[in-house]
**Student:** 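Once you've had a glance at the structure underneath, I'll fire off some questions.
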Amino acid sequence: MRIEVDGLVLEVPPQVYVPAEDSFLLVKHSAGLRGQVLDIGCGCGIQALVNAKRNPGNGVLGVDLNRRAVECSRYNAAKNGIKNASFAVSDLFENVPEKKFDAVIFNPPYLPTAKGEHVRGPLDSAFDGGEDGRRVIDRFLPEFEKHLACDGRLLMLQSSLNDIGKTVSGLEKRGLSVSIMEEQKLFFEKICVVEARRK
């Protein structure tokens, strides 16, 4: 499938998550982030590549557990002539360099997924949030601050399907200043962009 966003043409093969409402809501707010930017769960590269294109001075790293997603992002970067974004296979921060980023972007797999509801193949990693939708989110939250600069920002997509309030309170308990940048009501859920900053 081919999609166009912000002047970019992105090719998305069947094994990679096709950007939907959640992706477009997050990219609206992540496009202007400046500095060293880390995109966790890059998929086809939409967050990383839009940000890199808008901000040529940025250094953007996108990672994904799905090897096909990383290959797809690299292809889309080359096709669109973007040289300030790179991509790597990583389970969250597993293969992320030991450095501080000015911004971290995260669109997690957040669908509550019971046994028998899994998607076949590598695409499952884009959807499977575990029984309560928080399996990956709750792994991410204790780790991301190690990679965030002192004045850095986290932008994270959240859904009413996986308890937005729990994420907000968890971030606040870590001493972060938290706000909801924008909400959007869909047919069966509400999605929002959560921003967290160090106080």
Side-chain angles (χ1 to χ4, degrees), residues 1 3 5-6 8 10 12 15-33 37-54 60-66 68-70 72-73 76-77 85 87-94 96 101 103-113 119 122-130 132-141 143-144 147-148 152-164 166-168 170-171 178-186 188-196:
M1 177 177 288
I3 66 164
V5 56
D6 205 56
L8 299 174
L10 305 179
V12 189
Q15 303 90 346
V16 176
Y17 180 69
V18 177
E21 292 92 346
D22 55 343
S23 309
F24 294 115
L25 180 61
L26 185 56
V27 82
K28 175 180 174 182
H29 295 279
S30 68
L33 295 170
V37 178
L38 174 63
D39 177 21
I40 300 284
C42 61
C44 70
I46 181 172
Q47 309 295 331
L49 295 177
V50 170
N51 182 272
K53 181 193 172 194
R54 289 262 195 107
V60 185
L61 172 62
V63 300
D64 203 296
L65 180 61
N66 180 356
R68 295 301 298 273
V70 172
C72 172
S73 292
N76 285 327
F87 300 92
V89 176
S90 183
D91 182 2
L92 294 180
F93 300 98
E94 181 182 37
V96 171
F101 292 86
V104 176
I105 307 165
F106 187 36
N107 187 358
Y110 60 75
L111 290 181
T113 307
V119 177
L123 188 57
D124 185 66
S125 64
F127 293 99
D128 183 6
D132 61 357
R134 298 191 59 87
R135 180 173 57 84
V136 180
I137 295 167
D138 289 340
R139 287 178 54 216
F140 171 87
L141 291 176
E143 295 293 323
F144 81 91
H147 300 271
L148 194 65
R153 298 168 64 190
L154 166 69
L155 293 189
M156 182 174 177
L157 196 287
Q158 285 285 263
S159 164
S160 56
L161 297 176
N162 56 40
D163 196 344
I164 297 168
K166 185 175 181 180
T167 297
V168 171
L171 289 166
V178 185
S179 62
I180 304 295
M181 299 190 75
E182 187 174 348
E183 296 180 343
Q184 184 176 333
K185 290 185 178 179
L186 304 179
F188 57 91
E189 65 176 323
K190 176 178 72 176
I191 58 175
C192 67
V193 176
V194 175
E195 178 190 47

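For clarity, every value in this text was computed on a predicted model and none was experimentally measured.
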**Student:** Determine whether Ile3 and Pro19 make a side-chain contact, defined as any pair of heavy atoms from C-beta on separated by less than 4.5 Å.
**Tutor:** yes

**Student:** Scan Asn66, Asn107, Asp22, Asp64 and name whichever one has a side-chain hydrogen bond (donor to acceptor under 3.5 Å, both in side chains) with Tyr17.
**Tutor:** Asp22

**Student:** Name all residues meeting the side chain to side chain contact (heavy atoms under 4.5 Å, CB included) criterion together with Gln184; count only those two or more places apart in sequence or in a different chain, and write none if there are none.
**Tutor:**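 Gln184 satisfies side chain to side chain contact (heavy atoms under 4.5 Å, CB included) with Glu21, Leu25, Leu186, Ile191 once adjacent residues are dropped.
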
**Student:** Rounded to the nearest 0.5 Å, how far does CG of Leu157 lie from NE2 of His29?
**Tutor:**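 It is 10.0 Å, given to the nearest 0.5 Å.
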
**Student:** Rounded to the nearest 0.5 Å, how far apart are NZ of Lys166 and CG of Asp138?
**Tutor:** 5.0 Å

**Student:** Please confirm whether the backbone N or O of Val27 pairs with a side-chain atom of Gln47, one donor and one acceptor, at under 3.5 Å?
**Tutor:** yes

**Student:** Could you give the side-chain donor-acceptor pairs of residues 39-46 under 3.5 Å, partners two or more places apart or in another chain?
**Tutor:**
| unit_1 | atom_1 | unit_2 | atom_2 | d |
| --- | --- | --- | --- | --- |
| Asp39 | OD2 | Ala48 | N | 3.4 |

**Student:** With heavy-atom distances below 4.5 Å as the criterion, would you say the side chains of Met156 and Ile137 are in contact?
**Tutor:** yes

**Student:** Could you state the interatomic distance from CG (Leu26) to CD (Gln158), rounded to the nearest 0.5 Å?
**Tutor:** 11.0 Å

**Student:** Report yes if some heavy atom in the side chain of Leu8 is under 4.5 Å from a heavy atom in the side chain of Asn76; otherwise report no.
**Tutor:**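 Answer no - side chains too far apart.
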
**Student:** Between the side chains of Asp163 and Arg134, is the shortest nitrogen-to-carboxylate-oxygen separation below 4.0 Å, so that they form an ion pair?
**Tutor:**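 No, this pair does not count.
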
**Student:** Does a side-chain heavy-atom distance below 4.5 Å link Leu92 with Arg139?
**Tutor:** yes

**Student:** Does a side-chain heavy-atom distance below 4.5 Å link Leu38 with Phe144?
**Tutor:** no

**Student:** Rounded to the nearest 0.5 Å, how far apart are CD1 of Ile105 and CG of Leu155?
**Tutor:** 6.5 Å

**Student:** Does anything in residues 24-33 pair up under salt bridge (Lys or Arg N to Asp or Glu O under 4.0 Å), and if so which pairs, sequence neighbours excluded?
**Tutor:** Lys28-Glu182

**Student:** Whether the Glu195 and Ser179 side chains hold a donor-acceptor pair (N or O, under 3.5 Å, no angle test) is what I'd like checked.
**Tutor:** yes

**Student:** How long is the straight-line distance from CZ of Arg153 back to CG of Leu33, given to the nearest 0.5 Å?
**Tutor:** 5.0 Å

**Student:** Does a side-chain heavy-atom distance below 4.5 Å link Asn51 with Ser30?
**Tutor:**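 When only atoms from C-beta onward are counted, Ser30 and Asn51 do not touch, as no gap falls below 4.5 Å.
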
**Student:** Classify the ring geometry of Phe106 against Phe140: parallel below 30°, tilted from 30° to 60°, perpendicular beyond 60°.
**Tutor:** parallel

